[in-house]
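Worksheet for the structure shown next.
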Amino acid sequence: MYQYQLPRYLPTADELPNSDDTPVDNELQEIIPNLLKSILRMLWKGRMDWFFGIDMGIYTHPEQPPIVPDGFLSLNVERSFDEDLRLSYLLWEEEIPPILVLEVVSAKPGGEYTTKLDKYAELGVLYYVIYNPKRRRKARLEIHKLVNGNYELQNTNPLWMPEIGLGIGCERASYDDLTREWLYWYDENDRRYPTPYEQIEQERQRADNADRAIEQERQQTELERQRADRLAAKLRDLGIDPD
């Protein structure tokens with residue numbers, strides 16, 4: 001549980017700003033977190049003990065501005081409070097820090113490798129994921145794990161995270177009619193979980209295959225019936241009752 005010094009009066013999310021009014025300057029900052037969240041919705045359908053926030057403020061103190069990652073995952077929290085859903089993530093209400101935070105570096109870096117790294121370590125975020133699409137000589141994807149209060153860079157892609165029961169990594173694939181490098185969730189054997197679009201296509205292909213199998217069986221039955229009819233006709237020509 002995150003430890004912090006709080007004032008006597010603790011406001012609710014309704015009483016705090018829920019946006020820093022800073023527009024994203026990289027479309028990937030929106031698409032990548034939404035892609036990861038959409039896959040989770042399919043994988044964890046029916047589970048109510050997780051929350052994935054996108055561009056949502058995480059408050060550690062009511063008198064300090066929130067930190068706003070591009071995406072974050074929390075476990076063992078309520079999926080939703082009520083039909084109005086969360087406005088912000090208040091640590092004095094949730095009592096559990098995110099287990100994973102994602103930052104997609106924009107055209108103007110915002111301390112992803114320095115100040116934010118220190119801040120997330122202070123919060124106790126177990127996995128800190130940085131994706132920098134502009135990098136050429138260094139790895140675009142960095143996954144840091146908190147070990148004894150400090151982040152250690154992991155050199156595996158994808159990286160299995162047993163505390164979450166998922167792996168995370170990147171690979172080149174097609175999504176939203178665009179072929180490029182995307183971030184995905186993986187199973188323990190490094191098999192990528194499909195996106196909702198891919199799952200729909202897989203179901204369509206299975207249905208098509210089933211229809212083809214039924215049609216082939218129908219055609220085979222018809223051929224057998226025709227052969228039986230021809231044989232019966234030959235027997236009649238020989239004066240033999242086929243019945």
Side-chain angles (χ1 to χ4, degrees), residues 22-45 50-56 68-75 98-114 116-117 120 125-146 151-209:
T22 301
V24 298
D25 59 1
N26 184 330
E27 192 176 6
L28 293 176
Q29 289 178 291
E30 175 187 357
I31 297 178
I32 288 177
N34 277 285
L35 170 58
L36 291 172
K37 185 173 184 177
S38 69
I39 299 172
L40 277 185
R41 283 174 169 165
M42 301 289 286
L43 284 177
W44 291 350
K45 185 178 180 180
W50 65 278
F51 176 73
F52 194 95
I54 297 176
D55 196 30
M56 176 180 287
V68 186
D70 293 311
F72 67 89
L73 173 65
S74 292
L75 299 181
I99 194 169
L100 180 146
V101 161
L102 166 67
E103 292 283 2
V104 179
V105 181
S106 64
K108 297 179 180 179
E112 287 83 2
Y113 300 98
T114 54
K116 286 185 178 180
L117 187 143
Y120 293 137
V125 175
L126 184 59
Y127 292 99
Y128 176 33
V129 180
I130 309 172
Y131 181 68
N132 188 341
K134 298 297 183 181
R135 274 189 165 183
R136 295 295 179 266
R137 296 184 180 276
K138 294 184 178 181
R140 288 183 290 272
L141 178 65
E142 287 191 1
I143 306 172
H144 301 261
K145 183 175 183 180
L146 194 64
Y151 279 122
E152 294 183 359
L153 180 62
Q154 309 298 297
N155 295 313
T156 304
N157 179 35
L159 175 71
W160 175 249
M161 302 173 292
E163 302 86 355
I164 300 177
L166 290 171
I168 192 169
C170 63
E171 66 177 79
R172 189 173 181 82
S174 180
Y175 174 71
D176 199 23
D177 297 324
L178 178 63
T179 300
R180 71 172 315 278
E181 188 176 69
W182 299 105
L183 268 63
Y184 295 99
W185 302 112
Y186 295 79
D187 67 13
E188 194 169 2
N189 296 312
D190 294 344
R191 290 189 295 258
R192 176 169 72 82
Y193 285 112
T195 69
Y197 294 124
E198 290 171 333
Q199 290 196 32
I200 292 172
E201 182 59 29
Q202 289 172 3
E203 291 297 329
R204 182 181 293 113
Q205 290 178 359
R206 279 194 286 266
D208 290 345
N209 291 338

[atom1] of [X] to [atom2] of [Y]: how many Å apart, nearest 0.5 Å?
X	Y	atom1	atom2	value
Glu163	Leu100	CD	CG	10.5 Å
Asp187	Tyr193	CG	OH	4.5 Å
Leu73	Leu102	CG	CG	10.5 Å
Glu112	Ser106	CD	OG	6.0 Å
Asp190	Asn157	CG	CG	8.5 Å
Leu166	Trp160	CG	CH2	6.0 Å

After noting the C-alpha distance and the side-chain angles of Glu198 and Met42, does the key distance pass the side chain to side chain contact (heavy atoms under 4.5 Å, CB included) rule? CA-CA 11 Å; Glu198 290 171 333; Met42 301 289 286; over 6 Å; no
Is there a side-chain contact between [X] and [Y] in this structure, where contact means two heavy atoms from C-beta onward sitting under 4.5 Å apart?
X	Y	result
Tyr120	Leu146	no
Met161	Ile168	yes
Asn132	Tyr113	yes
Leu35	Leu183	no
Arg41	Phe52	no
Ser38	Thr195	no
Asp70	Tyr131	no
Asp55	Val68	yes

Give me the atom names and distance for the closest heavy-atom approach of [X] to [Y].
X	Y	value
Pro133	Arg180	CB-NH2, 4.0 Å
Ile39	Tyr184	CD1-CD2, 4.0 Å
Arg140	Arg135	CG-O, 3.5 Å
Trp182	Leu28	CZ3-CD2, 3.8 Å

Using 30° and 60° as the class limits, which term best fits the ring planes of His144 and Tyr151: parallel, tilted or perpendicular? perpendicular
Would you please test Lys116 and Ile130 for side chain to side chain contact (heavy atoms under 4.5 Å, CB included) and show each step? CA-CA 10 Å; Lys116 286 185 178 180; Ile130 309 172; over 6 Å; no
Are Tyr127 and Gln154 linked by a side-chain donor-acceptor pair shorter than 3.5 Å? no
Any chance the side chains of Glu171 and Tyr186 put a donor and an acceptor closer than 3.5 Å? yes
Report the C-alpha distance between Met56 and Phe51 in whole Å, list the side-chain angles of each, state the deciding distance to 0.1 Å, and finish with yes or no for side chain to side chain contact (heavy atoms under 4.5 Å, CB included). CA-CA 11 Å; Met56 176 180 287; Phe51 176 73; 3.7 Å; yes
What do the steps show when you test Tyr197 against Tyr175 for ring-ring contact (aromatic ring centres under 6.0 Å, His included), and what is the final call? CA-CA 8 Å; Tyr197 294 124; Tyr175 174 71; 5.7 Å; yes
Val105/Lys134 under side chain to side chain contact (heavy atoms under 4.5 Å, CB included): CA gap, chis, key distance, verdict: CA-CA 8 Å; Val105 181; Lys134 298 297 183 181; over 6 Å; no
